[in-house]
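Encoded as structure tokens, the structure appears first; notes follow it.
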Amino acid sequence: MKADKIVLRKMQMNLKAPFQTSFGTTTVKEFYITELHCGDHIGYGECVADWDPLYNEETIKTCLHISEDFLIPMLFEHGEFAHPDEISKLFKPIRRNNMAKSALEGAYWDLYAKQQGISLAQAIGGTKEKIEVGVSIGIQENLDDLYRLVENFIAQGYRRMKIKIKPGKDIDVMRGLRQRFGNVPMMADANSAYTLDDIDIFRQMDELDLLMIEQPLAHDDIHDHAKLQAELKTPICLDESIHSYEDARKAIEMGSTRTINIKIGRVGGITESIKIHNLCQSHGIPVWCGGMLESGIGRAHNIAITSLPNFKIPGDTSASSRYWTEDIINPEVVVSADGTITVPTGAGIGYEPVPALLDKYTLDKKEFVR
Ligand code: OSB
Ligand code: MG
């Protein structure tokens, strides 16, 4: 495997509806697609960094900078790769910048699977034919809007409702949903909006039999999360705090988390995601796949990783139509009435990026030739 040409394609797509978290609102999604050209094959990846450094410290611009000035030269200089696991090893001297690394590493995985003539899910050792999925719902202006959305998503078959919370829109929202929708599997995601001073809010939430509370405390904390977890029966799930296998190991040893949201971009790629998956499995800790409002290409990678056996909790990988009026892949990602997505069996990511649609949403394109 050896890339002759790498293309970074800056994209812009409008979300069907604004998506609000405790740190900000996304209306227009900007991201970039990586294309790895090698003979007859193209491997595709997606960079999930946002325009602004609010979810984490990376941005689209920092990712492009790190890729152009460091990662791509390293790849070209190295030349031939026998297996995609070698990519994360090569990138190791570059600290962090995980989303930049992952966008390229994912494209190598796709290319590798395509060259082998197998699906990406097969290439990583996936075992499931179908994956169970849920939906992540942004903060709403009023409860009636939220109720309408939840009702709609339940009707579409989604297996789990994740609700974004922030101070002032938390316990009443979750309590209201419980009263209205009974024992539908439900969870809250705070995106780091609280501190231990807010423990009373979490004590009240602890009575609602939530599936989990995601990232209640600081993005760079695992210490206070252990203190909070010791006070709660509801599992805590870490998202922002976990960037690597080592972070996961430490958080598990400290009792900071009882499940982990794995996002391929946040941990630097598929190889690291598999390591975290295996670590959690050996501890009897289930994992699930998070989302970053991906286009079909990033979504396809998420579907493949979720086919690993310890992805035991429905994740955030919803249908293309939950985000986009038109996705850039063929076929689009569809969710069946039973809340599952069938893992594609075609070579690589198993969904074909449509050239005309890629071009339609491309703002800017840069090519690198070895
Ligand atoms: O915290 O999981 C998160 C979206 C952007 C940034 C952070 C998060 C999210 C989501 C959306 O929850 C998940 C999705 O539907 O892609
Ligand atoms: Mg989250």
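Values below: all heavy atoms of this structure, side chains included; hydrogens, waters and symmetry mates excluded. Atoms within a ligand are numbered from 1 in the order they appear, just like the ligands themselves. For reference, positions follow the sequence shown, starting with 1. These numbers come from a predicted model, not from an experiment.
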Taking only heavy atoms of K263, which atoms of ligand 1 are found under 4.0 Å from at least one of them? 1 (O), 2 (O), 3 (C), 7 (C), 8 (C)
My understanding is that we take every heavy atom of each candidate and find the minimum distance to atom 15 (O) of ligand 1. Doing that for Y323, Y55, F19, which one comes out nearest? Y323
Polar-atom distance check: N191 versus ligand 1, any N or O pair below 3.5 Å? yes
May I ask you to check whether S88 and E272 show a side-chain donor-acceptor distance below 3.5 Å? no
Of all protein heavy atoms, the one nearest atom 5 (C) of ligand 1 is M292 SD, 4.0 Å
So which of G138, G24, G291, C289 gets nearest to atom 13 (C) of ligand 1, if we judge by its closest heavy atom? G291
Distance under 4.0 Å to a non-hydrogen atom of E214: what atoms of ligand 1 satisfy this? 2 (O)
For D145, is there an ion pair with R148 - N to carboxylate O distance below 4.0 angstrom? yes
Within the structure, is a non-hydrogen atom of Q215 found at a distance of less than 4.0 Å from ligand 1? no
Would you tell me whether N56 and E240 have side-chain atoms, one donor and one acceptor, within less than 3.5 Å of each other? no
Among all protein non-hydrogen atoms, which one is nearest to atom 16 (O) of ligand 1, and what is the separation to 0.1 Å? L293 N, 2.8 Å
Under a 4.0 Å N-O cut-off, is there an ion pair linking D316 with R299? no
Check D40 with K114, please: is the shortest side-chain N to carboxylate O separation under 4.0 Å? no
Between W288 and H277, is the ring centre distance below 6.0 Å? no
Considering only heavy atoms, does D239 approach ligand 1 within less than 4.0 Å through its side chain, its backbone, both, or neither? side chain
Quick check: does S136 get an N/O under 3.5 Å from an N/O on ligand 1? yes
Output yes when the distance from some N or O of ligand 1 to some N or O of F23 is under 3.5 Å, and no in every other case. no
Check the orientation of F81 and H78. Use parallel for under 30°, tilted for 30 to 60°, and perpendicular for over 60°. parallel
Would you mind checking if E253 and K250 are paired as a salt bridge, meaning a charged N to carboxylate O distance below 4.0 Å? no
Distance filter under 4.0 Å to K164 heavy atoms, resulting ligand 1 atoms: 1 (O), 2 (O), 3 (C), 8 (C), 9 (C), 10 (C), 12 (O)
Please check whether D50 reaches ligand 1 - meaning an N/O of the residue sits under 3.5 Å from an N/O of the ligand, judged on distance alone. no
Would you check if the Mg ion (ligand 2) lies under 2.8 Å from any N, O or S atom of E214? yes
K233 and E207 ion-paired at < 4.0 Å: yes
Relative to each other, are the rings of Y55 and F23 parallel, tilted or perpendicular (30° and 60° limits)? tilted
Looking only at N, O or S atoms in D239, which is nearest to the Mg ion (ligand 2)? OD2
Stepwise side-chain contact (heavy atoms from CB on, under 4.5 Å) check, M161 with L177: CA-CA 10 Å; M161 300 292 132; L177 286 166; over 6 Å; no
Specify which N/O/S atom of D189 comes nearest to the Mg ion (ligand 2), by atom name. OD2
N or O contact, R322 vs ligand 1, cut-off under 3.5 Å: no
